Amino acid sequence: NQGLTTPQIAERRGFAPSTILSHLAECAERGEVTIDRLLPPERRETLESLILPLRDRRYGEIKEALGDACTYSEIRLVLACHKARQDS
């Protein structure tokens, strides 16, 4: 809510950025935060175009298919936000 980046939040809280992204994904799945507040639009669009066609697969399968194009945290975040949009 304060406009901090994920690395800034991680530093302040003493967690890894991946942990912060996991926490934010949980919030996103509940509809408490939108993906637009978490990722720049161009990164969001890229990730959604890569991840959403594979959304019926497990995280590990998606990660294996996409390699270094994204992180597990980004996969979780994109899928959580997609689920929240579908549920609303």
Side-chain angles (χ1 to χ4, degrees):
N1 289 334
Q2 297 173 1
L4 300 174
T5 65
T6 301
Q8 289 170 328
I9 297 168
E11 185 177 322
R12 285 188 179 189
R13 302 266 184 199
F15 290 110
S18 60
T19 302
I20 299 302
L21 278 174
S22 291
H23 293 169
L24 291 170
E26 291 172 13
C27 293
E29 194 166 324
R30 292 189 302 264
E32 297 169 358
V33 65
T34 65
I35 195 167
D36 295 327
R37 295 196 55 208
L38 305 173
L39 293 171
E42 58 280 347
R43 180 69 176 155
R44 178 192 50 80
E45 290 170 10
T46 298
L47 290 173
E48 286 179 341
S49 71
L50 294 171
I51 295 168
L52 291 181
L54 304 172
R55 68 182 168 267
D56 294 329
R57 298 184 187 184
R58 295 179 181 189
Y59 290 167
E61 293 172 329
I62 295 171
K63 178 66 173 134
E64 184 177 326
L66 300 179
D68 293 335
C70 63
T71 65
Y72 278 101
S73 296
E74 290 172 323
I75 293 167
R76 184 170 183 205
L77 181 60
V78 167
L79 293 176
C81 289
H82 178 72
K83 182 181 183 314
R85 283 194 306 261
Q86 298 293 84
D87 290 348
S88 61

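The model shown is predicted, which means the values in this text are computed figures rather than measured ones.
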**Report entry** Side-chain donor/acceptor of Lys63 to backbone N/O of Arg58, under 3.5 Å
**Finding:** no
Beyond-backbone contact of [X] with [Y], side-chain heavy atoms, under 4.5 angstrom:
X: Arg44; Y: Leu47; value: no
X: Thr19; Y: Arg13; value: no
X: Arg12; Y: Gln2; value: yes
X: Cys70; Y: Ile51; value: yes

Spacing of [X] atom [atom1] and [Y] atom [atom2] [to the nearest 0.5 Å]:
X: Gln8; Y: Glu11; atom1: CD; atom2: CD; answer: 8.0 Å
X: Glu48; Y: Ile35; atom1: CD; atom2: CD1; answer: 5.0 Å
X: Thr46; Y: Glu74; atom1: OG1; atom2: CD; answer: 10.0 Å
X: Thr34; Y: Leu39; atom1: OG1; atom2: CG; answer: 10.0 Å
X: Ile62; Y: Glu64; atom1: CD1; atom2: CD; answer: 11.5 Å
X: Ser18; Y: Leu77; atom1: OG; atom2: CG; answer: 12.5 Å

Which atoms form the tightest heavy-atom contact between [X] and [Y], and what is the distance?
X: Tyr72; Y: Tyr59; answer: CE2-O, 3.9 Å
X: Cys81; Y: Ala28; answer: SG-CB, 3.4 Å
X: Ala65; Y: Arg57; answer: CB-NH1, 4.2 Å
X: Ala25; Y: Ala80; answer: O-CB, 3.3 Å
X: Pro17; Y: Thr6; answer: O-CG2, 3.6 Å

Query raised in the report: By side-chain hydrogen bond (donor to acceptor under 3.5 Å, both in side chains), which residues pair with Arg30, not counting sequence neighbours?
Result: Glu32
Query raised in the report: If you measure from the Lys or Arg side-chain nitrogens to the Asp or Glu carboxylate oxygens, is any gap between Glu26 and Arg76 under 4.0 Å?
Result: yes
Query raised in the report: So among Leu66, Ile75, Leu79, which one has a side-chain contact (heavy atoms from CB on, under 4.5 Å) with Leu54?
Result: Leu66
